[in-house]
Amino acid sequence: MSKPIIAQGVVHEVPDDLRKALVSNPDVLEKWNDLTPLARNEWICWTTIVKKAETRKGHIKRLGEELLEGKRRPCCWPGCPHRRLSAKKWFKKSV
């Protein structure tokens, strides 16, 4: 069996926990790979920028649900502060 292809973001790479979630659901993986690199980057950053493990798990779960609903970017997200300097103002010193 071949290893599934998981497309990356622009600044961020797909972390292991997100990779496992994507591989576990072929429909979500298909939607993921159909996103633009910038959109994937936003999802990765939105998932990984949180401080608590339970919040991160919730974001990964929600990412899968929202991709299946047809959403292509995280809702109410000012953007990746690692890529867009203007987005840094929305985050505390964690970035």
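Atom set for the values below is all heavy atoms of this structure, side chains included, hydrogens, waters and symmetry mates excluded.
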Measuring only between side-chain heavy atoms, which start at C-beta, is Cys75 closer than 4.5 Å to Arg62? yes
Spell out, as yes or no, whether a donor-acceptor pair under 3.5 Å connects the side chain of Glu42 to the backbone of Pro74. no
Kindly check if the number of other-residue, nucleotide or ligand heavy atoms within 6.0 Å of CD (Glu65) is above 12? yes
Quick one: are Trp43 and Ile60 in side-chain contact, heavy atoms under 4.5 Å? no
Are Arg73 and Thr36 side-chain neighbours, meaning at least one heavy-atom pair lies under 4.5 Å? yes
For Ile44 and Pro15, work out which heavy atoms get closest and say how close. CG2-CD, 4.0 Å
Judged by atom type as modelled, is there a donor-acceptor pair below 3.5 Å linking the side chain of Trp32 to the main-chain atoms of Ala7? yes
Hey, is Asp17 close enough to Lys57 for a salt bridge, meaning N to O under 4.0 Å? no
Quick check for you: to the nearest 0.5 Å, what is the distance between Arg40 atom CZ and Leu63 atom CG? 12.0 Å
With the side chain counted from C-beta on, respond yes when Cys45 and Val11 share a heavy-atom pair under 4.5 Å apart, and no when they do not. no
side-chain contact (heavy atoms from CB on, under 4.5 Å) between Leu67 and Leu35, worked out: CA-CA 9 Å; Leu67 285 178; Leu35 296 173; 3.8 Å; yes
Is the shortest side-chain heavy-atom distance between Asn25 and Leu68 below 4.5 Å? yes
Using a 4.5 Å cut-off on heavy atoms from C-beta on, say whether the side chain of Arg19 contacts that of Ser24. no
More than 12 heavy atoms of other residues, nucleotides or ligands under 6.0 Å from CD of Glu13: yes or no? no
Report the distance from atom OG1 of Thr55 to atom NZ of Lys51, rounding to the nearest 0.5 Å. 11.0 Å
Which heavy atom of Pro4 sits nearest a heavy atom of Leu29, and at what distance? CB-CD2, 3.8 Å
Main chain of Thr48, side chain of His59: is a donor-acceptor contact present, judged purely on distance under 3.5 Å? no
Would a 4.5 Å heavy-atom cut-off, applied to side chains only, mark Asn41 and Gln8 as touching? no
